[in-house]
Amino acid sequence: MKTTVPDTQEIADVLEKIAQLLELHGENPFKIRAYHHAARSLERLSEPLQVLVEEKRLGAVEGIGKAIEEKIVELVTTGRLAYYEELRSHFPPSLFELFEIQGLGAKKIRLLYEELHIDSIDDLEKGCLSGQVALLPGLGEKSATNFLKAIAFYRRHVGKFRLDQATLLADFLITDLRAHPAVGQCQPAGSLRRRKESIGDLDLLVSSKDPEAVNSFFLKHPLVSEILMQGPTKSSVYLKNEEGESGLQCDLRVVKPEEFPFALLYFTGSKEHNIRLRSRALESGWSLNEYAFTPQRDASTPPPVHSEKELYAALKLDFIPPELREDRGEIAAAALNKLPKLVEWTELKGTFHCHTKASDGENTLQEMSEAAEELGLEYLGIADHSKSSVQAHGLHEKELLVQIQEIRQRNQENKKIHLFAGSECDILKDGSLDFSNEILSQLDYVVASVHSSFTLDEAAMTQRIIRAMENPYVTMIGHLTGRLLFSREPYALNIPAILDAAAATKTLIELNANPRRLDLDWRWWSLAKEKGVLCVINPDAHSTSGLQHLRFGIDIARKGGLTKEDIFNTASLKNIQTALQKKRS
DNA sequence: GCCGTTTTCGGCCCGACTGTTTTCAGTCG
């Protein structure tokens with residue numbers, strides 16, 4: 001373990017590892033869940049862990065009791081945890097990777113380790129091929145074959161699928177399913193419906209009086225590459241990817257029409273959200289499953305339910321939009337009628353941070369303008385790269401001034417959509433900007449972004465961005481953490497400190513809607529809102545089709561609990577022009 | 001291990017499918 005103080009995420013990871021180790025040790029499942037739960041609680045703390053430890057308030061965090069509090073304190077103060085080290089000493093660290101293999105859980109991993117000394121994915125593969133795995137009690141030829149398939153799948157798809165990729169596949173399937181005569185209602189569920197940034201598998205839900213017909217239609221669908229499991233109500237397949245190989249996993253559930261709202265709620269999740277709802281149902285004496293409420297002995301009769309809304313109402317809750325169902329306080333808020341009224345797509349009036357051919361975009365200013373108009377936007381901001389982004393053909397001062405002139409000219413000629421002249425100006429290593437204030441002052445707005453020196457330490461990177469925000473011409477910070485989903489980690493950054501500075505300097509924080517980024521992450525937006533920081537949803541469009549990414553931006557804003565009022569570009573053109581001047585004056 | 005208008009013990013969400021089994025354990029969501 002590192003000698004420096006571990007950060008909150010690292011501590012949450014240790015708690016998760018403890019949970020896995022306890023599973024391997026065959027511990028009480030509720031104890032295991034307690035560690036999972038505590039890890040999740042840590043991940044959504046709204047204040048620094050260090051402060052909670054110093055003020056001895058950790059025990060007040062839900063899911064953290066005396067025992068786990070002591071362990072966290074030990075980790076924070078010494079950087080080590082004797083309990084964890086003791087647990088770990090019984091198993092090699094490589095064993096953890098076996099949990100990633102579909103069909104393998106703690107019991108079988110332990111069996112494989114104790115009987116065959118298998119402690120890695122490579123070992124498991126060898127054991128399956130040699131026939132040894134099939135000889136173990138409780139396992140057989142079929143298990144070994146399935147492990148080999150699962151290993152191959154894991155190697156092809158370490159990581160997950162992006163929201164846009166999963167959405168595209170789901171749209172195809174749902175369109176075809178809805179056209180089938182035996183299909184009543186058909187909805188996506190799972191993390192796709194909750195609009196998470198990454199999707200592990202696709203969950204589709206259908207209501208039908210003829211489940212067999214639906215299942216057989218689904219299993220023969222041209223997008224299906226391989227059948228994993230098939231039952232009367234549930235089947236599971238791999239879908240074809242671009243190369244025609246097995247890609248995303250897709251589960252189809254077929255239920256009776258009257259069961260649909262229960263099943264939709266259940267399969268939408270999240271798991272933690274469902275667990276809470278079931279506990280809440282039990283308070284009324286009803287057991288809740290994916291089909292119905294079942295009153296326990298002496299309990300009152302549950303009301304009839306025809307929709308998710310009625311289902312929540314039966315539990316004395318406001319309807320909770322799927323995006324919020326992550327067990328982050330939404331149930332308590334729904335009980336008190338305090339859920340936010342989430343922003344809607346139709347409330348978005350314009351956007352900033354779009355590129356053209358002048359730097360690294362694919363389309364001209366005119367084409368971008370027309371596409372935005374078609375999308376129904378009132379205004380569009382053009383922000384091509386600045387000169388330091390050589391790889392992206394960043395504009396030099398002279399080229400930028402020409403572009404500003406062109407934009408002013410277009411606004412004279414076309415009154416249907418207003419164009420704003422901006423720049424995505426590099427934040428240099430020391431926090432200064434790529435253009436002088438004299439140049440910046442001629443623009444309508446500035447998106448300041450980091451495109452270099454990603455490896456600065458947290459303090460330096462934080463200071464770098466804060467310095468940029470202190471510039472009166474910097475309107476907003478682009479893709480704050482620089483993450484690229486599944487390919488680049490966010491750079492080290494003290495996000496609460498950045499949000500404080502954003503509030504103090506009246507700088508907007510971008511929600512970059514490009515599905516590879518979705519940055520800033522949705523988990524931070526409630527804190528941003530609390531601190532009074534405004535969000536601006538930008539597509540970072542490098543083509544006309546890139547403007548469509550705005551929809552994912554709305555998804556993530558909703559997931560972050562943001563309302564129309566929390567988002568800068570829900571303002572009309574009339575109001576936005578004065579708002580853009582606000583920081584400068 | 002956590003939690004409490006049933007409060008310091010005794011609960012803790014619930015069901016489908018698979019593979020290896022002759023009645024069920026393990027895994028998954």
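Letters go in sequence order (proteins before strands), and every chain restarts at 1. Just so you know, these numbers come straight off a predicted model, no measurement behind them.
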Is it true that A:R483 and A:D521 have a side-chain N and a carboxylate O under 4.0 angstrom from each other?
-> yes
Base, sugar-phosphate alone, or nothing: which one does [X] contact when heavy atoms must sit under 4.0 Å apart?
X	answer
A:Y35	sugar-phosphate
A:E141	sugar-phosphate
A:L139	sugar-phosphate

Report the relative orientation of the aromatic rings in A:H180 and A:F217; use parallel for angles under 30°, tilted for 30 to 60°, perpendicular for over 60°.
-> tilted
Name the orientation class of the two ring planes belonging to A:F552 and A:H549 (parallel below 30°, tilted from 30 to 60°, perpendicular beyond 60°).
-> tilted
Could you work out the separation of [N] and [M] based on their [atom1] atoms and round it to a whole Å?
N	M	atom1	value
B:dT18	B:dC13	P	26 Å
B:dT20	B:dT27	P	13 Å
B:dA16	B:dG11	P	25 Å
B:dT7	B:dC3	C1'	9 Å
B:dT23	B:dC17	C1'	16 Å

Would you please indicate if the ring centroids of A:F293 and A:F262 are separated by under 6.0 Å?
-> yes
Of A:N514, A:T481, A:N512, which is the lone residue that meets side-chain hydrogen bond (donor to acceptor under 3.5 Å, both in side chains) with A:D519?
-> A:T481
Let me know which of A:E326, A:E323, A:E197 forms a side-chain hydrogen bond (donor to acceptor under 3.5 Å, both in side chains) with A:K559.
-> A:E326
Can you tell me if A:Q249 and A:D251 form a side-chain donor-acceptor pair at under 3.5 Å?
-> yes
Verify whether one side chain among A:R325 and A:S270 offers a donor that lies under 3.5 Å from an acceptor in the other.
-> no
Any side-chain heavy atom of A:C535 sitting closer than 4.5 Å to one from A:D566?
-> no
Side chain to side chain, A:F218 and A:V206, heavy atoms closer than 4.5 Å = no
Mind calculating the distance between [atom1] ([X]) and [atom2] ([N]) to the nearest angstrom?
X	N	atom1	atom2	result
A:L15	B:dG1	CG	P	12 Å
A:I32	B:dC2	CD1	P	14 Å
A:L42	B:dC2	CG	P	12 Å
A:L81	B:dG1	CG	P	11 Å
A:F147	B:dC28	CZ	C1'	14 Å
A:K66	B:dT8	NZ	P	18 Å
A:F99	B:dC28	CZ	P	10 Å
A:E283	B:dG4	CD	C1'	12 Å

Closest heavy-atom contact between A:G190 and A:D203?
-> CA-OD2, 3.5 Å
In Å and rounded to the nearest 0.5 Å, what is the [atom1] to [atom2] distance from [X] to [Y]?
X	Y	atom1	atom2	result
A:L52	A:R57	CG	CZ	5.0 Å
A:I72	A:L49	CD1	CG	6.5 Å
A:I151	A:C128	CD1	SG	5.5 Å
A:Q165	A:L192	CD	CG	12.0 Å

How does protein contact run along nucleotides 9-18 of chain B, one letter per nucleotide 5' to 3', with B for base contact, S for sugar-phosphate only, - for none, heavy atoms under 4.0 Å?
-> ---BBBSSSS
Watson-Crick/G-U partner (both atom distances under 3.5 Å) of B:dG1 | B:dC12
Let's see if you get this right: which residues in [range] place a heavy atom under 4.0 Å from DNA chain B?
range	answer
residues 101-108 of chain A	A:I101, A:Q102, A:G103, A:L104, A:G105, A:A106, A:K107, A:K108
residues 112-134 of chain A	none
residues 182-195 of chain A	none

Between the protein and nucleotides 22-24 of chain B, are there any N/O to N/O pairs under 3.5 Å, and if so, what are the atom names and distances?
none

List the steps and the verdict of side-chain contact (heavy atoms from CB on, under 4.5 Å) for A:K108 and A:F147.
-> CA-CA 11 Å; A:K108 288 180 189 168; A:F147 291 153; 4.3 Å; yes
Could you note down all residue pairs passing side chain to side chain donor-acceptor pair (under 3.5 Å) where residues 252-265 of chain A supplies at least one of them, sequence neighbours left out?
-> none
Assert: residue with more 5' nearest nucleotide on DNA chain B, out of A:I109 and A:A144, is A:A144
